[in-house]
2 protein chains.
Amino acid sequence: MAPRITLEDVSKAAGVSRSTASLVVRGSSRIPESTAEKVRQAMNELGYVYNRQAANLRQSRTMTLGLIVTEIINPYFAELAMAVDQITHDAGYTIFIGYSRDLEDRQHEIVASMIERQVDGLLILPALDTDRERLAKQVTAANIPVVLLARHFPGFDYVGSDNVKGAGMVGEHLAALGSKTVAFVGGRPAPSYREREKGLRIALEAHGVQLWSSEELRSPVTPEGGAAALGRLFDRGNLPDAVVVYSDVVAQGVYDEMRRRGLEPGRDIAVASFDDTRIAAAQVPPMTSVAGFPGEVGSKGTEMLMARLSEGNADAPAQVTLIEPQLKIRSSTATWRPRTLSA
Amino acid sequence: MAPRITLEDVSKAAGVSRSTASLVVRGSSRIPESTAEKVRQAMNELGYVYNRQAANLRQSRTMTLGLIVTEIINPYFAELAMAVDQITHDAGYTIFIGYSRDLEDRQHEIVASMIERQVDGLLILPALDTDRERLAKQVTAANIPVVLLARHFPGFDYVGSDNVKGAGMVGEHLAALGSKTVAFVGGRPAPSYREREKGLRIALEAHGVQLWSSEELRSPVTPEGGAAALGRLFDRGNLPDAVVVYSDVVAQGVYDEMRRRGLEPGRDIAVASFDDTRIAAAQVPPMTSVAGFPGEVGSKGTEMLMARLSEGNADAPAQVTLIEPQLKIRSSTATWRPRTLSA
DNA sequence: CTGAAAGCGCTTACAG
DNA sequence: CTGAAAGCGCTTACAG
């Protein structure tokens with residue numbers, strides 16, 4: 001294996017000192033063009049590759065960020081991750097990624113390994129059962145700024161969709177259509193789950209509409225989970241006028257299970273969901289969904305983190321930014337009509 | 001900002017030398033438990049956090065890997081990325097991620113930034129128009145092993161699905177059903193595209209079935225792209241018995257466009273696709289698709305890279321591993337019957 | 001089993 | 001504008 005080419009080698013070949021070469025690498029304007037050119041030429045000839053890690057040891061920042069999400073099969077998370085990448089890349093950062101798979105211990109390990117590698121900051125879509133004090137302690141000890149994404153735990157900077165408001169919009173919509181009973185189906189008790197339930201409850205109560213929501217109706221965030229949860233709802237006997245599903249991914253299973261039970265989504269029971277990923281519009285019939293703009297969440301979150309980094313670690317209080325949701329009305333609710341009284 | 005706690009501080013507090021403390025951090029068995037315990041206690045009390053970057057400077061490896069994919073909205077890529085994470089995490093690596101968005105220049109930048117950060121190796125799902133020599137030069141100069149994933153460019157280690165074989169299975173299946181004409185729709189001319197077309201061609205020709213495939217029928221790998229490509233096919237007048245779509249994502253748009261033109265997928269025209277992501281089974285009617293096992297591709301690729309790393313950079317010739325595909329037959333082809341001759 | 005010294009490849013003041 | 005020296009936080013031989 002060829003010995004590594006260092007700045008020392010370059011500077012010798014160019015006939016300048018190491019500090020001069022260093023300044024050239026970093027594009028300082030203090031070096032006359034003629035000298036800089038000699039150095040650059042030497043770099044090319046020797047095939048020099050910059051060792052940023054060595055530089056990091058001396059500098060205070062690494063231009064490296066960490067992104068931790070639970071998973072990316074869910075397109076909401078995938079879009080969020082790509083938005084983070086877009087902004088950080090353009091700003092010259094490179095990012096570490098880790099998938100916690102919603103396991104708190106794994107998340108802890110990932111954070112630790114990123115801190116060891118000296119990330120400048122961390123963007124985290126936290127695991128469901130995140131121990132907030134444990135996380136706070138871990139990052140405070142290392143003095144690393146953190147911005148939480150999409151799932152709010154108090155005490156941290158946060159960017160996410162305004163779930164309460166989005167759920168309120170669905171509630172109003174269903175009430176206006178004339179539904180008298182609405183079931184909230186699927187999802188695990190993440191902060192976003194509670195926010196959606198809350199928004200729904202407030203809006204429905206205001207119109208005297210009943211909300212069915214219980215632990216039994218929760219489920220993993222997968223189509224299979226949604227199917228099973230809907231099955232449990234149906235097995236109880238009474239059917240609701242409308243089903244609001246925790247998210248598009250879960251709603252896929254809800255559609256399937258409804259049909260297995262001989263009911264047509266959108267005609268027999270109105271269905272609405274959250275996230276407005278590609279899945280929603282691609283369903284037959286197309287599904288009403290609350291757009292949560294994961295791309296916005298990712299990019300605003302990244303901007304917030306970068307602001308913290310440049311502010312020089314101000315002990316400013318935690319900031320919270322909510323992204324405005326948007327209700328996309330489609331046939332799964334729009335064509336539904338209340339049953340005319342009979343029997 | 002508190003001054004950083006170093007091993008020096010720890011060793012002083014514990015009353016041992018720096019080298020001893022260093023050995024304890026790394027769990028050497030050469031240090032008696034009593035001494036080790038003192039050191040560990042000092043670490044806890046001082047809130048020491050290991051600086052792996054400083055260690056890297058002295059050691060030859062960083063336990064850091066780079067993963068570059070085009071994007072992750074496509075669930076095939078998402079699953080692949082998560083499989084890579086699973087294995088690397090368990091082996092103690094942390095990974096950098098970058099999304100090339102199928103832009104060769106962006107890919108080049110990402111590779112450069114990862115090399116500067118001293119990754120031990122690179123896993124790349126290469127951009128479509130990857131300049132193979134340019135990439136080879138870039139990584140060889142830095143002496144970084146690379147394994148390519150899912151898109152084969154000669155001269156590199158590679159793991160991907162056996163697309164030729166998978167496409168052959170679809171071809172056989174459609175021929176057995178009695179189709180006389182098959183159109184290959186959607187997708188961009190990646191290596192995987194060419195492999196799928198080739199397998200299809202061989203199988204269909206063997207049975208005297210016509211294959212329609214042309215540049216005009218290609219498209220971006222999105223539902224919209226698929227819809228547009230199918231539109232162009234239909235506008236030519238003749239309709240095929242079956243449409244084989246480049247991938248599930250593209251096929252979503254094919255379903256939609258077919259219906260817009262008054263034809264029912266699976267009844268009027270058989271439809272088959274590739275990848276067998278969740279999308280395929282979730283379609284109505286469920287869609288026949290060739291499973292490509294992205295998780296397998298990711299994990300085998302990672303294992304191949306890790307083997308290269310431990311082999312000590314052997315100049316062994318490039319290895320190629322193909323993952324066995326599997327044809328998942330569903331109603332979109334299974335219920336289709338040739339039109340009985342009329343008119 | 002433990003300690004003093006040198007070194008990994010850069011950057012940062014500080015002189016000149 | 002340029003150079004010699006010290007230092008970032010570790011690990012690695014090498015003595016003892």
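Lettering follows sequence order; numbering is per chain, from 1.
No engagement by B/Val25 is indicated, since no non-hydrogen atom pair under 4.0 Å with the nucleic acid exists.
Atoms CE (A/Met63) and C1' (C/dT11) sit 16 Å apart, rounded to a whole Å. Rounded to whole Å, the distance from CD1 on B/Ile31 to C1' on C/dG3 is 11 Å.
For the residue pair B/Arg18 and B/Ser22, no side-chain donor N or O sits within less than 3.5 Å of a side-chain acceptor on the partner. Between the side chains of A/Tyr76 and A/Ser161, at least one donor-acceptor pair of N or O atoms lies under 3.5 Å. One side chain, A/Thr64 or B/Arg117, offers a donor N or O that lies under 3.5 Å from an acceptor on the other. Counted by atom type alone, B/Ser17 and B/Thr20 present one or more donor-acceptor pairs between their side chains at under 3.5 Å.
Under a 4.0 Å N-O distance rule, the pair A/Lys38/A/Glu33 does not qualify as a salt bridge. Contact check on A/Asp102 versus A/Arg151 returns a salt bridge, with a Lys/Arg side-chain nitrogen under 4.0 Å from an Asp/Glu carboxylate oxygen.
The side chain of B/Thr35 lies closest to C/dT2, out of D/dT2, C/dT2, D/dG9. Side-chain atoms of B/Ala54 lie closest to D/dC10 of the nucleotides D/dC10, C/dG9, D/dC1.
At least one side-chain nitrogen or oxygen of B/Ser17 sits closer than 4.0 Å to the OP1 or OP2 atom of C/dG3.
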Write down the protein N/O and nucleotide N/O pairs, taken from nucleotides 12-15 of chain C, whose separation is under 3.5 Å; answer none if there are no such pairs.
{"from": "C/dT12", "atom 1": "OP2", "to": "A/Arg26", "atom 2": "NH1", "distance (Å)": "3.0"}
{"from": "C/dT12", "atom 1": "O4'", "to": "A/Arg58", "atom 2": "NH1", "distance (Å)": "3.3"}

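Counting heavy-atom neighbours within 6.0 Å of A/Arg134 CZ, excluding the residue itself, gives a total above 12.
Pairs of Watson-Crick or G-U wobble type, with distances under 3.5 Å, assemble into runs of 3 or more in DNA chain C at these ranges: C:1-3 with D:14-16, C:5-12 with D:5-12, C:14-16 with D:1-3.
The side chain to side chain contact (heavy atoms under 4.5 Å, CB included) test applied to B/Thr130 returns B/Glu104, B/Gln107, B/Pro126, B/Ala127, B/Leu135, B/Phe153, not counting sequence neighbours.
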